[in-house]
Protein chains: 2
Amino acid sequence: MEKKEPIKITIYDVAKAAGVSKSTVSRYLSGRFHELSENTKRKIQEVIEQLNYKPNHMARGLKGNKSFLIGAIVADITNPYTTAILRGAEDVCKENGYALLICNTDNNPQKEKEYISMLQAHRIDGLIIQTTGGTNPFLEELFNDGNTPIVLVDRKVPELSFDLVGIDNQQATYKAVSYLQSQHYERIAWFTEPVTDISVRKERFHAFQEALKLTDVHHPSLEDIYVADLKKDDELEMCLENFLGKTQSQSRAIFCANSVILLKVILALQSKGMRVPEDVALIGFDNPEWASAVYSGITTIEQPTSEIGKSCAELIIKRINGTPMLPQTLSYHASLIKRGSTPSVKKHFHKEE
Amino acid sequence: MEKKEPIKITIYDVAKAAGVSKSTVSRYLSGRFHELSENTKRKIQEVIEQLNYKPNHMARGLKGNKSFLIGAIVADITNPYTTAILRGAEDVCKENGYALLICNTDNNPQKEKEYISMLQAHRIDGLIIQTTGGTNPFLEELFNDGNTPIVLVDRKVPELSFDLVGIDNQQATYKAVSYLQSQHYERIAWFTEPVTDISVRKERFHAFQEALKLTDVHHPSLEDIYVADLKKDDELEMCLENFLGKTQSQSRAIFCANSVILLKVILALQSKGMRVPEDVALIGFDNPEWASAVYSGITTIEQPTSEIGKSCAELIIKRINGTPMLPQTLSYHASLIKRGSTPSVKKHFHKEE
DNA sequence: TTGTAAGCGTTATCAT
DNA sequence: ATGATAACGCTTACAA
C-alpha cells in the first residue's frame, strides 16, 4: 500500500488555468478587486471554484508573518465554566477568520510552559490564557520578544501588565456572604482547593475573610476554612466531618469556591446522609447547568461566561490589528442566583415546625 | 503609539551565532545528531538556548507539507461528553507534537462546512470529527484530494469509509431496555432531540424500538416516542405532559437519548412537582458528573470517553505517519451505571407500603 | 562532518 | 490592469 500524494492546488495552478499570472490571482485573493478587470476577476473566480482551490495558510503566514491562529490555554477543558468561555471566544474568532488552538494544562505549570513553547512555534497571533501563575517569564518573553498579544482570562498575574478579562471576585464574594448573613447563617465554611498561585482562589479566599470581618473581626467562621486537595481521596471528607462536627445544624452553610469542589461536597454530603438545606446550607461559585437540578436548586454565583469569552477574543483581535490601547482589565459583575439550598434560617425553622 | 516589530530569531541567526551553516542547524533540529560533530552539536544547543530560538512551524510545514495541526470538529464543546473526549485526544496529540484546532458546529452543517474549509486552508494533518452528517462531499474531498486522514467520532457516515471510534449504541440501548424490563417497567418513553441525519440518534432510536419489539411486537411503548426540539421552549413540556397523562405512575420510565435532554427532562419534571423515581423512573445516555448528585442518583449509560478520545488521536496519528491500515471501526462497549432513579418496581411498591 | 542552493506557496515591490 | 521577481524560514539533495 503506497502513501498517495495529496493533490495540491496552488495559486500557480489557478493562474495557469485562468491564463493569468500568480500576482493577479494573489490580487484577487486579497480582495483588491479594483486592480482587476471584470473579466479576469470572473475568470479567476470560476477557476478557483472549479479547482476547489484553498489558499495555503502556512505559505501566507510565512510571508505575511501571521498565522491566523489564536492559542487558548486553559486549566481544565472539562470544567463547564471553561467551556462556556471557550464557546464565546470561539464564535468571535471564527467570525474574524481565526482558528483556536486549545490547550489543557491541568493546572500544571510545566504543561503550561510546554504549551506556550508549542504555540510559539506555531507563531500564534495571540494568546488567551487562564494561567497557573507559574510561567510568568515565558509569557513575558512571548509578549515582549514575540510581540504576541496576551489576554488573561479569569486569573490575574499582578506582575504582568497584560489585558485581563474576568469578574470582580471580591464584589461577588461579598455579595454572597452578605446574602447568607441576611438569611441568618452564623457559621459559614469556606471550602476551596489548594490556593497556590491561582489568583482567583486567592482573591475569593481573601474576600471571604474580609467579608466576615466586616461583621465581626473575630467572626467564628474565620476558623471555618477548609482546603482540600481533590486528588487525595479523603481530604474533603475529613474537612466535612470536621466542620459538621463542630457546628450545629440550624444555621450553618458551606461556601464552595468553585463548581468543581461544589460537586464533590455534594457527593460527600450525600454519602454521609446529610440533607441540604435541612442539615447544612450550600452555596457555590460558578453556575453549572446542573445547579438547578440538585436538591431544590443550589444557590450559585453566576459569571457571564459567554461574554467573558467573547470579550477575550475581541480584545485579542483588536490587539492583533494593532489598535492602540493601554493594557486594560475588564471586570464583569457576577450575579447571585438564589435557589433552595440557602433558605432563610428563620423561615426554615418555621417550615419545620 | 507605534506597532513594535517582533524580534524574530530564525535558523539563520542561530547558524551565524554558532558559526555554522543553516543546514547544520537544520540537522540539529531534525535530531540527526550522528551527522554532527560533538562540538558543533554542543555549540548549536547553547546558541538555541541562549537566543531562545523556536523553529517556525509555518516554514517547516510549507517545506515539509506538514502542519502539526489536527482539527477537531465537534457539535457542542459545552457538552461534558464532548469535552471528556477532547481531553483524551488532546493528551495524545500533545505527546506527539500536534496541536488541536477545536471547532464548534452547534450541529449546524453550514458551520461545519465552513470549518472544514478553514481547516483545509490551515493544511491540517488530520481531522477528528463528530459530524452532523450534512457535509459528506466536503469530507470526501478533504480525504481524497487532500489525502487528509479523517476519524469520525461518535457519529457514523455510512456512505464514507472513514475510521470510526464510538460505542455500540445498539448493544448499549438493548442493555438499558432489558435492565428496565427486569426492573418491571412496563411503559418506557423515549425522549430524543430531533433525529435528523445524526447517526447516533438514529441508531439509538432504532435500537430502542427493536428492543421493545423483542418483548412484544406491539409493545405499547412503541407509541411512547417523544421528539423535542430543545430550542423551542415548550416542546419538551408538552411531550412530558403527554406521556405522564397517558400512563400510570407505578411502572413507567423515561429513557433520555443523551445527557442534554436528560437534564432538561429533570428540570421539567421538577417544575411539575413530579418525583423521581416515585412518580416516574429515569435513565439516560452519557454519564455526566452530576448524574450521581441528582435525586438518589440517575441510572446512566457510561461511555469510555477518555479512551474514545485517545483512540481517535492515536488512529489519526498512525494514519498521518502512513501506517497502512484498512479503514476500521473501533466500537467500545458502554456500561450501565445503576443508580436510584430506576428501582425495581416491585421493591419500590414494597417500600411505599 | 559540513556547506550551497533550490524550492515549498504566498505576497509585495517593481516594472510595464 | 497585469507580470516578473524577490523574499518569508525552513528542509533536503547534492557537493565538497
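From a predicted model like this one, the values you see are computed outputs, not experimental measurements. The sequence lines fix the lettering, A, B, ..., with proteins before strands; numbering per chain opens at 1.
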Nearest whole Å is fine: how far is [N] [atom2] from [X] [atom1]?
| X | N | atom1 | atom2 | result |
| --- | --- | --- | --- | --- |
| A/K16 | C/dG9 | NZ | C1' | 14 Å |
| B/I44 | C/dT1 | CD1 | P | 13 Å |
| B/N39 | C/dT2 | CG | C1' | 13 Å |
| B/I11 | C/dT4 | CD1 | P | 14 Å |
| A/D13 | C/dG9 | CG | P | 8 Å |
| A/N65 | D/dA7 | CG | C1' | 13 Å |
| A/L62 | D/dG9 | CG | P | 7 Å |
| B/E35 | C/dT2 | CD | P | 10 Å |

(request) Compare all side-chain heavy atoms of A/I102 with those of B/E90 and state whether any distance is below 4.5 angstrom. (result)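 No, side chains not in contact.
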(request) Taking the side chain as every heavy atom from C-beta outward, state whether A/Q120 and A/T148 have any pair of such atoms under 4.5 Å apart. (result)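 Result no, sub-4.5 Å side-chain heavy-atom pair not found.
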Need one value for [X]: base, sugar-phosphate or nothing, where a base atom within 4.0 Å counts as base even if backbone is also close, heavy atoms only.
| X | answer |
| --- | --- |
| A/Y53 | sugar-phosphate |
| A/H34 | sugar-phosphate |
| B/T10 | sugar-phosphate |
| B/S26 | base |
| B/K22 | base |
| A/S37 | sugar-phosphate |

(request) Starting at CG of A/L127, measure out to CG of A/L152 and round the result to the nearest 0.5 Å. (result)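 Spacing of CG (A/L127) from CG (A/L152) equals 8.5 Å.
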If you only use heavy atoms from C-beta on, which nucleotide in [options] is closest to the side chain of [X]?
| X | options | result |
| --- | --- | --- |
| A/S30 | D/dC8, C/dC8, C/dT11 | C/dT11 |
| B/L29 | D/dT11, C/dG9, C/dT11 | D/dT11 |
| B/R123 | C/dT10, D/dC10, D/dG9 | C/dT10 |

(message) Whether the side chain of B/R27 and the base of C/dG3 hold a donor-acceptor pair under 3.5 Å is what I'd like checked.
(response)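 Result: at least one qualifying N/O pair found.
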(request) Spell out yes or no: do the side chain of A/S23 and the base of D/dA4 have one donor N/O and one acceptor N/O closer than 3.5 Å? (result)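 Such a pair exists between side chain and base.
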So, the side chain of [X] versus the backbone of [Y]: is there a donor-acceptor pair under 3.5 Å, distance only?
| X | Y | result |
| --- | --- | --- |
| B/Q130 | B/A75 | yes |
| B/D125 | B/I70 | no |
| B/S117 | B/K113 | no |
| A/R32 | A/R27 | no |

(request) For B/K41 and for B/K63, find the nucleotide of DNA chain C with the closest heavy atom, then tell me which residue's nucleotide is more 5'. (result)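 It is B/K41, whose closest nucleotide lies nearer the 5' terminus.
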N/O (side chain, [X]) to phosphate O (OP1/OP2, [N]) under 4.0 Å:
| X | N | value |
| --- | --- | --- |
| B/R32 | D/dT11 | no |
| A/T24 | D/dT2 | no |
| B/T40 | C/dT2 | yes |

(message) According to salt bridge (Lys or Arg N to Asp or Glu O under 4.0 Å), who are the partners of A/E46, at least two apart in sequence or on a separate chain?
(response)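 A/E46: salt bridge (Lys or Arg N to Asp or Glu O under 4.0 Å) contacts with A/R42.
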(request) Counting Watson-Crick and G-U wobble pairs whose two distances are both under 3.5 Å, find the runs of 3 or more in a row that involve DNA chain C. (result)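 Only these stems qualify: C:1-16 with D:1-16.
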(message) Please compare A/G19 and B/K8 by the position of their nearest nucleotide in DNA chain D and report the one closer to 5'.
(response)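 Per heavy-atom nearest nucleotide, the more 5' residue is A/G19.
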(message) Go through it in stages, so that I can follow the logic: the residues are B/D154 and B/I308, the test is side-chain contact (heavy atoms from CB on, under 4.5 Å), and I'd like the CA-CA distance, side-chain angles, deciding distance and then a yes or no.
(response) CA-CA 9 Å; B/D154 185 39; B/I308 291 175; over 6 Å; no
